[in-house]
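See below for the structure under consideration.
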Amino acid sequence: MSENILNLKDCLDFYILSGVDETCGDEPYACLKPVSEEKNELTKNKIPYSAVAGIESVKNAAALCQNISSIDELKKIVENFDGCALKYNAKNTVIGDGNPKAKIMFIGEAPGAEEDMIGKAFVGKSGQLLNKILAAIGLDRDHCYICNILPWRPPGNRAPSDAEIAICLPFLKKQIEIVKPDYIFTLGAVAANSLLEMSETVSKLRGKWMEYISGDGRNIKVMVGYHPAYLLRTPAQKAKMWADVLRLKNEIDKNN
Ligand code: URA
């Protein structure tokens, strides 16, 4: 082995030890430095200036959503949206899965590796557990609409920043207006806190009905639950999740 190859191996070992276990693109770039718009230097994998201009991006996302009335239209808008840097590391834009006319909406955090690869929400291990949870109360994806706070995977599944959540929230809110669910079940703290504008643990918020008022003035019942990924890591909490999805089922049955 030549010295260069040995150095390369040492370098990769160092990255792995430091927690860097995947590449985000073929070419390095400075993700915190805006690319000059004047010189029109935008190329694949370079982040446009609008992507780092947080407040403008939130306003743009909300404005772009204004006259949309279908999930297909929304998907096109989100795919063409340049205001969130996450898009530039993701393979796919992941909007909701399931039935866009469903009365029940499940909201997670962000696509993971499998979801990013395939372009569909909750298809990996968390999604498989979610399917089982749905089946346990007699539901499947035809009965629900399943989506995320963010349509793009944060690199390496890192936690999304407040700015990324704020930028993408208008897209989620528009999905709620289009689908018009009667019930929302949030999965994990990021989904609950982003939707309800709170800053609490799931343990504090779960177990009781809460309320979300959609942009079109509808009162939607919200139940906060644990994220399936957390349940996979902490199976002892599955009993609480079971109690929460039963609350959802009982409420649906009561009103049918
Ligand atoms: N975790 C989420 O929050 N959403 C997905 O779509 C997959 C995993």
Side-chain angles (χ1 to χ4, degrees), residues 21-22 24 71 74-75 78-79 81 84 86-87 89-100 102 104-135 139-169 171-176 179 181 183-196 198-203 205-206 212 222-235 237-238 240-241 244-245 248:
D21 57 6
E22 82 184 284
C24 298
I71 296 293
L74 181 70
K75 187 164 193 304
V78 182
E79 279 171 347
F81 181 67
C84 182
L86 289 177
K87 176 177 166 181
N89 286 320
K91 293 188 180 64
N92 271 299
T93 298
V94 182
I95 306 288
D97 185 43
N99 181 352
I104 312 155
M105 189 171 202
F106 283 82
I107 304 177
E109 180 174 326
E114 283 95 339
E115 290 78 14
D116 182 38
M117 195 77 76
I118 294 170
K120 196 166 153 180
F122 278 101
V123 289
K125 286 201 178 105
S126 292
Q128 284 156 25
L129 178 56
L130 180 59
N131 289 345
K132 286 187 191 159
I133 293 169
L134 295 179
L139 300 176
D140 61 23
R141 289 190 183 221
D142 288 342
H143 297 100
C144 335
Y145 184 79
I146 300 173
C147 58
N148 286 301
I149 298 289
L150 300 173
W152 298 288
R153 180 192 183 211
N157 291 348
R158 68 158 167 76
S161 70
D162 289 350
E164 288 159 353
I165 292 173
I167 291 168
C168 296
L169 213 47
F171 300 134
L172 173 79
K173 290 186 172 175
K174 193 68 199 186
Q175 285 177 85
I176 297 174
V179 176
Y183 311 96
I184 291 178
F185 195 104
T186 59
L187 301 163
V190 169
N193 286 319
S194 309
L195 184 74
L196 300 170
M198 297 184 122
S199 180
E200 280 295 354
T201 60
V202 173
S203 303
L205 298 174
R206 59 163 289 276
Y212 169 77
V222 180
M223 180 65 63
V224 170
Y226 290 114
H227 195 286
Y230 172 73
L231 296 174
L232 289 169
R233 295 193 302 272
T234 325
Q237 300 286 45
K238 282 186 180 171
K240 289 182 188 152
M241 182 68 164
D244 293 337
V245 289
L248 171 67

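One-based numbering along the sequence shown. Order of listing sets the numbers, starting from 1, for every ligand and every atom in it.
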### Query
Does W152 offer a backbone N or O that forms a donor-acceptor pair with the side chain of D116 under 3.5 Å?
no
#### Entry: A110 touching ligand 1 at heavy-atom level, < 4.0 angstrom
yes
### Task
Tell me which protein heavy atom sits closest to atom 4 (N) of ligand 1, plus the residue, atom name and distance to 0.1 Å.
N148 OD1, 2.7 Å
### Query
Would E114 count as a contact of ligand 1 if the rule is a heavy atom under 4.0 Å away?
no
### Query
Out of R153, E109, H227, who gets a non-hydrogen atom closest to atom 1 (N) of ligand 1?
H227
### Query
Going by the atom numbers of ligand 1, which of them fall below 4.0 Å from some non-hydrogen atom of A121?
6 (O)
### Message
Between N92 (side chain only) and M117 (backbone N and O only), is there a donor and an acceptor less than 3.5 Å apart?
### Response
yes
### Message
Pairs of nitrogen or oxygen atoms closer than 3.5 Å, one from G112 and one from ligand 1: do any exist?
### Response
no
### Query
Above 12 or not: heavy atoms from other molecules or residues under 6.0 Å from NZ of K120?
no
### Message
Taking a cutoff of less than 4.0 Å between a non-hydrogen atom of the residue and any ligand atom, is G127 in contact with ligand 1?
### Response
no
### Task
Any atoms of ligand 1 less than 4.0 Å from a non-hydrogen atom of G108? List them with their elements.
3 (O)
### Task
Determine whether N99 and H143 make a side-chain contact, defined as any pair of heavy atoms from C-beta on separated by less than 4.5 Å.
no
### Task
Could you give me the CA-CA distance, side-chain angles and deciding distance for R141 and N131, then say whether side-chain hydrogen bond (donor to acceptor under 3.5 Å, both in side chains) is met?
CA-CA 8 Å; R141 289 190 183 221; N131 289 345; 3.0 Å; yes
### Message
Test: ring pair (Phe, Tyr, Trp, His ring centres under 6.0 Å). Region: residues 104-132. Which pairs qualify, not counting sequence neighbours?
### Response
F106-F185, F122-H227
